[in-house]
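So the structure is just underneath, and the comments pick up after that.
Chain letters run A, B, ... following the sequence lines, proteins first, then strands; residues in each count from 1.
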Amino acid sequence: MSGFLGPNGAGKTTTMSIITGYIEPSQGKVEINGYNVSKKPRKAKREIGYMPETTPLYNELTPKEFIKYMAELKGVPRKMRKQEVERVLKAVNIEDVKNKLIRNLSRGYKQRVSLAGALVGNPKVLILDEPTVGLDPKQVTQIRDLIKSLGKNHTVLLSSHILSEVSQICKKVIIINKGKLVAIDTPKNLEAKTEKENVLLITVEDPENKIEDVVKSISNIKEIKLIKELPDGTKQYSISSNDNSDMRKEIFSVFAKNEITIFELKKAEMSLEDAFLNLIDNQKEEPEKTKAEIKKEKKELKEKRKKEKEDKKIEKQNKKTEKNKEKTKNKKKGGDK
Amino acid sequence: MWAIIKKEVKTYFLSPIGYVFIGSFLLMSSFFFYQYIFYYGSVEYSYLFYYTAELLTFTIALLTMGMFSSERKNGTETLLLTSSRSITSIVMGKFLAALAVILITQIFSLIYYVIVCIFAKGITGLTITLTTLGGFMLLAMAYIAFGMFISSLTENQIIAGVVTIILLLVSWFLPDLSPAFNIISPLYQFQKYPGGVVGISETITLLTQTILFILLTIIVLQRRKNLK
C-alpha cells in the first residue's frame with residue numbers, strides 16, 4: 001500500500017500512465033511482477049487494474065454492462081465472467097444501480113463504477129489515481145475503507161493530494177515534485193525527519209503582558225513568537241528551545257508563579273503536511289536547461305541507442321559465425337566418420 | 001477482439017447513430033429503387049448499387065467519425081489502451097463492428113431484390129447481385145478504413161466526419177480530372193462490379209486501400225503512445 005504524493009503538475013498521472021502502459025517511457029523501464037510493460041504488454045497489463053483520474057466511462061452502458069466489457073477486455077474466462085462481475089459489483093457496493101445508465105449516475109457512483117472496472121479480473125496490482133476526488137465525506141470514508149481492505153491482498157499504488165488520506169491508509173509514501181523523486185519513506189519517518197526543532201504551542205491569558213520577560217528568565221529558550229490574539233483575550237505563542245529537553249514542566253511552574261494563566265500547552269507536532277511542504281520547498285531549483293543543452297542530450301541519447309544497436313548486431317554476427325563454425329566442425333566429424 | 005466488436009455494435013444501436021445510418025440509407029435506397037426500377041421498368045437490380053455506393057460516400061462518416069475521436073475525448077481510450085488487448089485487435093474490432101452494421105443494412109435492402117424477383121416472376125441475376133454485393137462490401141471496407149484513420153487523427157467527431165466526407169468526395173471526382181487518379185478512388189474501382197465483372201485489379205486495389213488505412217490507424221495509435 002503506497003501513497004503517491006506531489007503538488008499539481010508534479011507528474012503523478014504521467015508516471016501512472018507510464019506504469020500502466022498508456023504512455024511509452026522515453027527512458028528507463030517498468031516491470032510489473034517481472035513483466036516489462038513495453039516488451040510484454042499483454043502479460044504485464046493483465047496484472048494491473050487502473051483507475052484513471054478522470055474516471056472515463058461509457059455513458060451509454062449500464063454499470064453491469066461496463067464491468068462485463070472490462071472483464072472481457074481483461075480476458076476473464078467466459079465461465080467465470082458472470083461470477084466475477086457480481087463479485088465486483090458487490091465489492092464496491094453498486095448493486096442497486098447496476099442496471100441504470102452510467103450517464104444518469106451521480107459522481108460518487110461513477111467513481112465506484114470506475115473503481116469496479118479496475119478491480120475486475122482480480123489484478124495483483126491496483127493503480128488508483130485520486131480515487132476520492134469529488135466525493136461527499138461519507139462516500140470518502142466508504143471508498144477509503146474499501147481501498148484499505150483491498151490493500152490486504154493487492155499491491156496498491158494510490159495517488160492523492162489529500163495528505164491526511166495518504167497518512168491514514170498508506171504504509172509507504174512516495175513524494176515527487178517536477179518529475180523528480182523527493183522522498184520514499186513511511187509517513188511516520190517522514191514526519192520525524194522534518195521535526196527538527198523543539199517547539200511548544202501555548203495559549204495564555206496575560207493581561208499585564210509579562211510573558212516575554214518571564215520566558216527570558218527560563219534557560220534554554222531560543223525565542224518566543226506571538227502567533228495570534230484570540231477574541232476571548234487570550235494569546236497564542238510559539239516557544240522554541242535550543243535542545244530537545246521538555247520545557248513544559250518548567251514553563252508551567254514559572255508561569256504559575258508570575259500569575260500567567262495557561263489555557264493550552266502542547267508540543268507542536270509536524271504533520272505529514274508539514275513534511276510534504278518542507279520537502280517540496282527544499283528541493284533545489286534546477287536551472288532551466290538551455291536549448292543547446294537539450295539538443296546535446298538528445299544527440300547523446302541517439303548515439304547511445306545507435307551504439308547499442310550496433311553492439312547487438314555484432315553480437316548476432318558473432319553468434320552466427322560460432323554456429324557456422326560448429327556446423328562445419330560437425331560436418332567434418334561426419335566426414336571423418 | 002470479439003469483445004470489442006460486440007460492444008461497438010451494441011453502442012451503434014444504443015445511440016441514434018446506428019438507426020440514423022440504417023434508416024437514411026434504406027430511405028434513400030427505396031427512393032432510388034422506386035425511381036430506377038419502377039420508373040424505368042428495369043429489373044436489373046445490381047444497377048441500383050451505383051446509387052447506393054454514391055450514397056455510402058456521404059453516410060459512411062456517420063459510422064466512422066466517432067470511432068477513435070470520441071474515445072479520445074471521453075478519455076475511454078485509456079481503458080482500451082491499458083487493457084491487455086493489443087492495438088491491432090482494438091482497431092480490427094472497431095473496423096469489423098462498422099462493417100457489421102453495413103452488412104445488416106445490406107441484409108435489409110435485400111427486400112428490394114425480393115421485390116424485383118416477384119415482379120420478374122422468378123429469381124433473376126442472382127450471381128450479379130451477389131458479386132455486386134461483394135464489391136459493395138469491399139468498397140465499404142475501404143471507406144471504413146479511411147474514415148477510421150481520419151477519426152484516429154483528431155479528438156473532434158465533427159471534424160473527423162466532415163474531413164472524411166470531403167476527402168471521399170474529392171476521391172470520387174478526381175478520376176474525372178485524369179485517369180491517373182483512378183487507383184486512389186474507391187468508388188471508381190467499384191464501378192465494374194454492377195456490370196457483373198469481378199476485376200482482379202479492382203478487388204486488389206480496394207483490399208490494398210483497406211489494409212493501408214488499417215495499418216496507418218495502428219501506426220497513429222502506436223506513435224501517439226510514444227509522443228504524449
Side-chain angles (χ1 to χ4, degrees), chain A residues 13-14 16-27 30 32 35 37-38 40-62 65-76 78 81 101-103 110 113-114 117-118 120-121 123 125 127 129, chain B residues 1-21 62-63 65-94 96-97 101 152 155 157 218-228:
Chain A
T13 302
T14 310
M16 290 187 149
S17 300
I18 291 173
I19 295 173
T20 52
Y22 181 51
I23 303 178
E24 208 56 39
S26 56
Q27 262 178 313
V30 179
I32 307 281
Y35 300 118
V37 175
S38 312
K40 286 187 177 168
R42 283 194 85 142
K43 279 187 176 163
K45 283 175 183 173
R46 208 163 270 187
E47 308 274 323
I48 305 175
Y50 178 38
M51 174 182 173
E53 184 187 8
T54 49
T55 61
L57 297 166
Y58 293 101
N59 284 326
E60 64 277 6
L61 299 182
T62 66
E65 287 168 335
F66 173 74
I67 294 165
K68 202 176 145 213
Y69 180 49
M70 292 309 289
E72 285 170 338
L73 280 184
K74 285 188 180 174
V76 176
R78 182 182 291 260
R81 224 172 272 157
L101 281 185
I102 290 177
R103 186 195 311 276
K110 279 186 187 171
V113 175
S114 181
V120 82
V125 182
I127 294 177
D129 201 349
Chain B
M1 189 162 77
W2 180 236
I4 296 170
I5 299 176
K6 237 171 37 183
K7 189 249 154 199
E8 288 298 318
V9 172
K10 202 169 165 187
T11 314
Y12 278 131
F13 292 104
L14 282 174
S15 66
I17 288 180
Y19 299 104
V20 170
F21 177 79
L62 268 178
L63 293 183
M65 63 183 185
M67 272 180 167
F68 286 100
S69 55
S70 67
E71 296 255 10
R72 203 160 142 206
K73 196 167 189 185
N74 297 333
T76 43
E77 188 191 47
T78 332
L79 298 176
L80 283 177
L81 293 180
T82 57
S83 75
S84 54
R85 303 282 147 214
S86 65
I87 289 183
T88 314
S89 69
I90 294 169
V91 171
M92 283 312 290
K94 284 182 172 273
L96 291 175
V101 174
S152 73
E155 59 179 71
Q157 276 200 55
I218 294 172
I219 290 169
V220 165
L221 292 180
Q222 194 78 50
R223 286 291 290 170
R224 199 169 329 114
K225 231 172 134 180
N226 297 328
L227 293 176
K228 250 169 226 153

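Each of B:Leu79, B:Thr82, B:Leu80 was evaluated against A:Tyr22; a single residue qualifies, B:Thr82, per the side-chain contact (heavy atoms from CB on, under 4.5 Å) test.
Summarising the geometry, atom CZ belonging to B:Arg85 is positioned 11.5 Å from atom NZ belonging to A:Lys74; distances are rounded to the nearest 0.5 Å. Considering CG of A:Asn59 and CG of B:Leu14, their distance stands at 12.0 Å, rounded to 0.5 Å.
Both the backbone and the side chain of B:Ile4 come within less than 4.5 Å of a heavy atom of chain A. Heavy atoms of A:Leu57 lying under 4.5 Å from chain B belong exclusively to its backbone. With a 4.5 angstrom heavy-atom cutoff, A:Thr54 does not touch chain B via any of its atoms. Using a 4.5 Å cut-off between heavy atoms, B:Ser86 does not touch chain A at all.
The shortest distance between side-chain heavy atoms of B:Thr11 and A:Tyr58 does not fall below 4.5 Å. The closest side-chain heavy-atom distance from A:Glu60 to B:Ser15 is not below 4.5 Å.
One finds no salt bridge joining B:Lys7 and A:Glu72 here, because no Lys/Arg side-chain nitrogen approaches an Asp/Glu carboxylate oxygen to under 4.0 Å.
Ranked by heavy-atom pairs under 4.5 Å with chain B, the list A:Lys68, A:Met70, A:Lys43, A:Glu65 is led by A:Glu65. Contact count versus chain A (heavy atoms, under 4.5 Å) is highest, among B:Ser70, B:Ser83, B:Ser84, B:Ser89, for B:Ser84.
Proximity of a side-chain donor or acceptor of A:Lys45 to a complementary backbone N or O of B:Leu81 within less than 3.5 Å is detected.
Closest approach of A:Pro52 to B:Thr78, counting heavy atoms only: CG-CG2, 4.1 Å.
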